[in-house]
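Scroll down for the structure; my scribbles are underneath it.
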Amino acid sequence: MDLKKLLNEEQYEATTTVEGPLLILAGAGSGKTRVLTHRIAYMMKEMNIRPYEILAITFTNKAAGEMKERVRSLVGETADNMWISTFHSSCAKILRREIEALGYKKDFTIYDSYDQKSLMKQVLKELSVDEKDLTEKEAISHVSTAKNTLLNPVDFKKKYEYHFRMNKVADAYILYQKKLKQNNALDFDDIIMKTVEIFEKFPEILEKYQRKFRYVLVDEYQDTNHAQYRLINLLTKDHQNICVVGDDDQSIYQFRGADIRNILDFEMDFPDAKVVKLEKNYRSMGNILAAANSVIKNNRDRKEKTLKKTKDEGGKIKIYRAYDDFEEARFVVREMQRLYREGRNYKEMAVLYRTNAQSRKFEDILMQEAVPYKLIGGLKFYDRKEIKDLLAYLRLVNNPFDEVSLRRIINVPKRKIGNTTVEKLQENANHQGESLFDTIMNLEEYSLLAAGTQASVVKFREMILDFNEKQLEMKVSELVEYILKTSGYMKELETSKNPEDESRVENLEEFLNVVLEYEMKAEEPSLQEFLESVMLVSDVDQYNEADDSVTLMTLHSAKGLEFPVVFMVGLENGLFPSASCLTDPNEMEEARRLAYVGITRAMEELYMTYAENRMVFGRMVSYPVSDFILDIPSNIKEHLNEEKKVHHRDVNPHTIKYKDKNMKYVDYNVEKALEDAKKILDFPDKKVLGQEDVVPGAKVKHPKFGVGTVVATADAKGDLKVTIAFDNQGIKNLMLSIAPLELA
DNA sequence: TACGCCCCAGTTTTT
DNA sequence: CTGGGGCGTA
């Protein structure tokens with residue numbers, strides 16, 4: 001294998017630097033997967049590193065699967081002994097072995113966001129927290145942030161001792177965590193946090209994994225949160241064989257706790273780190289790259305770099321103004337059909353949007369026009385009611401302490417066990433300090449219920465116990481069929497008059513296929529493993545390019561993928577970037593990165609569309625054209641129809657028009673509203689000054705030092721050192737990025 | 001206990 | 001506009 005022929009100079013260096021910390025800053029389309037896979041192959045072939053000594057972490061299961069496939073094609077079957085998976089899958093695997101150290105059982109259940117919500121609801125009810133004071137959504141979000149930053153309930157409580165509201169959150173966090181443990185369940189964040197907890201509390205366990213994973217690789221490093229960072233740090237701090245790949249410009253998950261400092265500070269954490277930049281883009285035509293660069297360069301908080309093209313300019317970026325969202329969809333589909341007639345395959349095209357709600361219009365038209373399409377995300381298959389019901393049965397069989405699942409199906413199908421009964425049982429369980437299932441097991445000891453109701457509960461209990469026994473002798477697929485039949489669930493759907501229930505039956509059949517497929521693939525199929533795989537898949541994982549259909553997905557889901565033709569739709573200030581971005585510079589920067597990710601998905605052709613009128617919540621609203629379109633220089637874009645004059649920057653891009661209930665247009669000017677608010681609250685206007693603003697002679701104002709004149713500037717490692725002669729305070733040296741300066 | 005009607009919140013983004 | 005949840009009634 002002649003790597004030097006296969007790789008460019010930087011790629012070669014990144015591939016062959018195996019020992020010690022390595023940061024690969026890989027711009028979009030710069031061949032980082034190529035580097036990662038060849039690097040793994042190089043490690044094994046040239047350096048005799050064993051596959052089981054390597055831990056490679058990716059962002060999605062799909063990325064993991066692809067990487068595994070590509071590594072396998074380079075080194076053969078031995079690739080199967082390597083851990084290539086997501087943070088969550090790897091940690092779940094570790095926890096299945098080690099979690100007993102923390103007092104959980106190995107057959108723990110993984111709770112998704114719906115389960116979380118229902119558990120938190122219980123918690124708030126038990127704490128008698130009024131919904132108006134704290135919703136479960138807020139509580140969950142705070143708990144999640146805490147877990148992502150490794151703040152445990154006790155420390156959380158301490159931290160907010162004197163904070164009335166957060167103190168309530170702290171109590172909720174404590175009880176929530178207690179219930180999770182009682183249910184023998186972990187939420188998504190726990191999967192990472194508990195692994196870290198074990199590593200920190202039990203050095204001998206940590207050592208075991210440090211010895212095992214002598215080489216660690218992390219992809220999409222810019223999207224790791226603090227807990228994940230800590231995990232990697234613990235594993236690698238001794239041998240320091242850590243290779244991370246990331247691109248600060250593609251960090252789009254800060255809303256979920258991803259901490260960009262992990263990448264910006266890597267060199268500080270590992271002083272000996274080698275840094276390799278991959279800046280040559282092999283994916284996109286020149287104009288597409290130029291467009292991406294012209295959008296992202298507006299961000300201040302980034303490592304300076306520019307993607308370099310390897311292809312020629314290609315066509316211009318095509319901009320289309322639609323009358324409304326309906327017409328936008330019609331245009332896109334028409335264009336797709338045209339491209340298809342010209343010889344493109346449908347699978348070469350993708351529609352990327354900001355929110356899942358936008359997919360509906362496109363689905364409608366695609367269906368109408370009989371264009372094959374694949375929808376990624378939105379209502380996931382596993383999120384459908386009937387699937388969740390069935391999963392609840394399976395989870396309960398697997399782990400009887402799982403109250404969330406128990407409560408979900410105890411009266412589905414109807415068994416005359418209503419809410420009051422469940423509450424009575426739950427109360428008794430809480431009182432006795434046992435699980436809900438225990439109370440049901442010992443039902444006869446307590447006289448809680450009327451005879452008839454008690455009989456119903458006993459019947460339910462016998463059924464679950466029966467499932468439990470059958471689990472031992474049946475395959476998962478057999479168990480699924482048995483449950484659907486014995487519980488009466490299938491029967492209720494089949495005899496229902498509701499037309500929706502017909503498709504529910506189909507979905508359950510589809511689910512059975514998923515199970516059968518799993519049984520074929522798995523080495524040792526088990527209910528436990530099956531459930532875990534279901535909980536940890538995302539929809540992007542389902543994406544495959546086998547059949548010829550166009551792809552519909554959010555910009556977030558598109559990360560890591562590429563398409564010859566990309567339609568970015570809904571480019572309107574208020575939608576993308578969303579309204580909150582227009583007032584919060586940090587959110588705006590993240591939105592810009594998201595735009596950058598979207599643009600760089602395109603290989604050959606890029607369309608950007610916006611609609612003058614759009615249905616939002618059943619109302620017609622009018623947003624102005626997106627800043628992201630305006631950011632692209634005119635010489636590399638073409639308007640497919642006439643531009644709307646009012647949409648120019650010089651008018652005011654931040655005016656939102658909407659129709660009130662009398663169908664009258666009302667203007668809402670975001671900037672003016674903001675100015676008014678500032679006047680009232682007396683906020684200083686914090687316009688960030690750029691380097692171009694701060695030139696010698698410029699008058700500036702500082703809140704503490706007052707008015708002064710810039711006398712000199714000097715470059716300082718990406719920042720600018722500014723020397724200012726203040727009128728009353730003398731001469732000061734300030735760093736531009738931190739000094740709260742404004743023009744005077 | 002079961003069912004139907006009404007109200008309201010939701011649209012950022014997901015492992 | 002849509003779906004879920006809460007509340008009141010049979």
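Naming: A, B, ... by sequence-line order, numbering from 1 per chain.
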Practice item. Specify the separation, in whole Å, of atom CD1 of A/Ile140 and atom C1' of B/dT15. Key: 15 Å
**Study point:** is_close_aromatic(A/Phe59, A/Tyr253), centroid dist under 6.0 Å
**Key:** yes
Check your understanding: Once you round it to whole Å, what is the distance between P of B/dT14 and OH of A/Tyr114?
Key -> 11 Å
Practice item. May I have the distance from A/Asp189 (atom CG) to B/dT15 (atom P), rounded to whole angstrom? Key: 13 Å
Review point. Of A/Lys137 and A/Arg256, whose closest DNA chain B nucleotide lies nearer the 5' terminus?
Key: A/Lys137
Check your understanding: Would you say A/Glu423 has more than 12 foreign heavy atoms packed within less than 6.0 Å of its CD?
Key -> yes
Review point. Which is true for A/Glu587 with a 4.0 Å heavy-atom rule: it touches a base, it touches only sugar-phosphate, or it touches nothing?
Key: base
Exercise for review: Round to the nearest Å and state the distance from A/Asp115 atom CG to B/dT14 atom C1'.
Suggested key: 15 Å
Exercise for review: Would you mind reading off the distance between A/Lys416 atom NZ and B/dA2 atom P, rounded to a whole angstrom?
Suggested key: 6 Å
Exercise for review: Select base, sugar-phosphate, or nothing to describe what A/Tyr253 touches, counting heavy atoms under 4.0 Å on all strands.
Suggested key: sugar-phosphate
Practice item. Return the 5'-most residue of the pair A/Phe617, A/Thr453 with respect to DNA chain B, ranking by each residue's nearest nucleotide. Key: A/Thr453
Review point. What does A/Ser113 touch in the nucleic acid at a heavy-atom separation under 4.0 angstrom: a base, only the sugar-phosphate, or nothing?
Key: nothing
**Study point:** side-chain N/O A/Asn356 vs B/dT14 OP1/OP2, d < 4.0 Å
**Key:** yes
Check your understanding: Within less than 4.0 Å of OP1 or OP2 of B/dA2, is there a side-chain N or O belonging to A/Asn411?
Key -> yes
Check your understanding: In whole angstroms, how far is the C1' atom of B/dG10 from the CE atom of A/Met615?
Key -> 16 Å
Review point. Are the aromatic ring centres of A/His142 and A/Tyr176 under 6.0 angstrom apart?
Key: no
Practice item. For A/Lys121, answer base if it contacts any base atom (sugar-phosphate contacts may also be present), sugar-phosphate if it contacts only those atoms, and nothing otherwise; contact means non-hydrogen atoms under 4.0 Å. Key: sugar-phosphate
Check your understanding: Does atom OH of A/Tyr323 have more than 12 heavy-atom neighbours from other groups under 6.0 Å away?
Key -> no
Practice item. Classify the nucleic acid contact of A/Asp112 as base, sugar-phosphate or nothing, counting any heavy atom under 4.0 Å across all strands shown. Key: nothing
Review point. Pick one: which of A/Arg302, A/Arg593, A/Lys559 meets salt bridge (charged side-chain N to carboxylate O under 4.0 Å, His left out) with A/Asp249?
Key: A/Arg302
Review point. In whole angstrom, what separates A/Ile376's CD1 from B/dT14's P?
Key: 11 Å
Practice item. Please state whether the phosphate of B/dT14, meaning OP1 or OP2, lies under 4.0 angstrom from any side-chain nitrogen or oxygen of A/Ser557. Key: yes
Revision key, fill the gap. Whole-Å distance, A/Met535 CE to B/dT14 P, equals 16 Å
